[in-house]
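Whatever order the structure lists ligands and atoms in, that order sets their numbers, starting from 1. Counting begins at 1 with the first residue of the sequence.
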Amino acid sequence: MKNLNMKFAVILTLVAVVIIAVIVIIGSNQAPNQAEIDREEVDITGQPLLGEANAPVTVVEFGDFKCPSCKAWGEMIYPQLVEDYVISGDVKFSYINVLFHGKESVLAALGAESVYKQDPEVYWDFHKKVFAAQPEVVNHDDVWGTTEKLLELASEFPSINQEQLRKEIDEELTLEQVEIDKELYEKHNVSQTPTITINGITMEDPFDYETIKEVIDSELEANKNE
Ligand code: CA
């Protein structure tokens, strides 16, 4: 009887090993299917765009001018992304305003939308300047994103009309654009900034550039095979 039990145990173990092996083999043979990846394309109609309009891959940053991590992302990841993919025409980049830090987030977004409306060509330089103006050590209660500060930052761009910018911030004349952004980040369930999406796929860690590269390369590959 004991012998029989032993045999039974051995057979059970063998069966288990075979099942596990089959699962592992099937799993490793399954290349990630593009269609099966959880994605929700972001509608960037009317949004600032960096790069070639017909670039096959779209990277969207949901960011907040008052968010320290967004400043860090802009300094650490964004330059690599531009260098590796935007200049070559593989990626186009867009930015959606998120309003997680109160009044200053709204002011900066209103100002940025006004600058974009007045001269899309200088938008990205202004965008960079706003982040650069963010204090190195940020106390969330520090007020720096004032209308005066935004006007000062924009004063370096001759194509930006200061009076118009002041009026559009003060009277919230670009609020409609800011509201469109708000609807977008709510629709995409953005709960932290920056949130980075690549062709609608949300990156778990926006600072993991290796994974960002992998996803972009895989999207480029899929585009080539289409
Ligand atoms: Ca916008």
Side-chain angles (χ1 to χ4, degrees), residues 39-55 57-75 77-78 81-82 86 91-134 144-147 149-151 153-154 157 159-162 164-203 206:
R39 71 171 81 218
E40 200 180 359
E41 305 262 356
V42 182
D43 180 5
I44 54 165
T45 311
Q47 299 291 352
L49 205 64
L50 186 79
E52 305 281 343
N54 61 357
V57 176
T58 305
V59 175
V60 176
E61 176 188 0
F62 290 91
D64 186 327
F65 285 113
K66 195 134 194 250
C67 138
S69 298
C70 300
K71 176 186 166 84
W73 194 88
E75 289 167 0
I77 309 296
Y78 170 86
L81 183 72
V82 171
V86 176
V91 163
K92 56 182 178 291
F93 179 79
S94 192
Y95 179 88
I96 310 288
N97 291 297
V98 178
L99 313 167
F100 284 168
H101 295 286
K103 198 182 163 208
E104 284 175 89
S105 297
V106 178
L107 281 182
L110 286 167
E113 294 289 356
S114 173
V115 167
Y116 177 63
K117 197 173 83 175
Q118 288 193 45
D119 184 1
E121 293 290 315
V122 304
Y123 171 79
W124 294 105
D125 286 335
F126 177 76
H127 174 108
K128 224 170 154 184
K129 278 195 178 300
V130 178
F131 277 117
Q134 200 185 96
W144 59 270
T146 61
T147 305
K149 187 75 195 170
L150 293 165
L151 284 165
L153 296 172
F157 306 105
S159 58
I160 302 303
N161 181 313
Q162 289 271 306
Q164 190 184 337
L165 179 56
R166 181 188 293 279
K167 191 175 154 74
E168 291 191 327
I169 297 172
D170 285 352
E171 298 176 22
E172 301 190 337
L173 298 181
T174 48
L175 191 62
E176 196 183 322
Q177 290 307 313
V178 177
E179 291 288 345
I180 288 172
D181 289 14
K182 188 163 185 265
E183 274 171 33
L184 276 174
Y185 72 72
E186 284 174 355
K187 179 184 170 204
H188 290 276
N189 298 315
V190 169
S191 60
Q192 59 182 30
T193 52
T195 286
I196 303 298
T197 69
I198 300 169
N199 279 357
I201 304 162
T202 300
M203 294 296 95

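For the side chain to side chain donor-acceptor pair (under 3.5 Å) test with S114, the passing option among R166, E168, K167 is E168; the others fail. Under the side chain to side chain contact (heavy atoms under 4.5 Å, CB included) test applied with R39, the options I201, I198, T197 reduce to a single match, I201.
Applying the side chain to side chain donor-acceptor pair (under 3.5 Å) definition to pairs two or more places apart or across chains, those involving residues 42-52 are D43-T45, Q47-D181.
Shown are the protein N/O/S atoms under 3.0 Å from the Ca ion (ligand 1), given by residue and atom: Q47 OE1, E113 OE2, D181 OD1, D181 OD2.
Classification of E113 and K117 as a salt-bridged pair fails, no side-chain N sitting under 4.0 Å from a carboxylate O.
Here the side chain of Q134 pairs a donor or acceptor atom with the backbone of F65 at under 3.5 angstrom.
How far OH of Y116 is from CH2 of W124: 9.0 Å, rounded to the nearest 0.5 Å.
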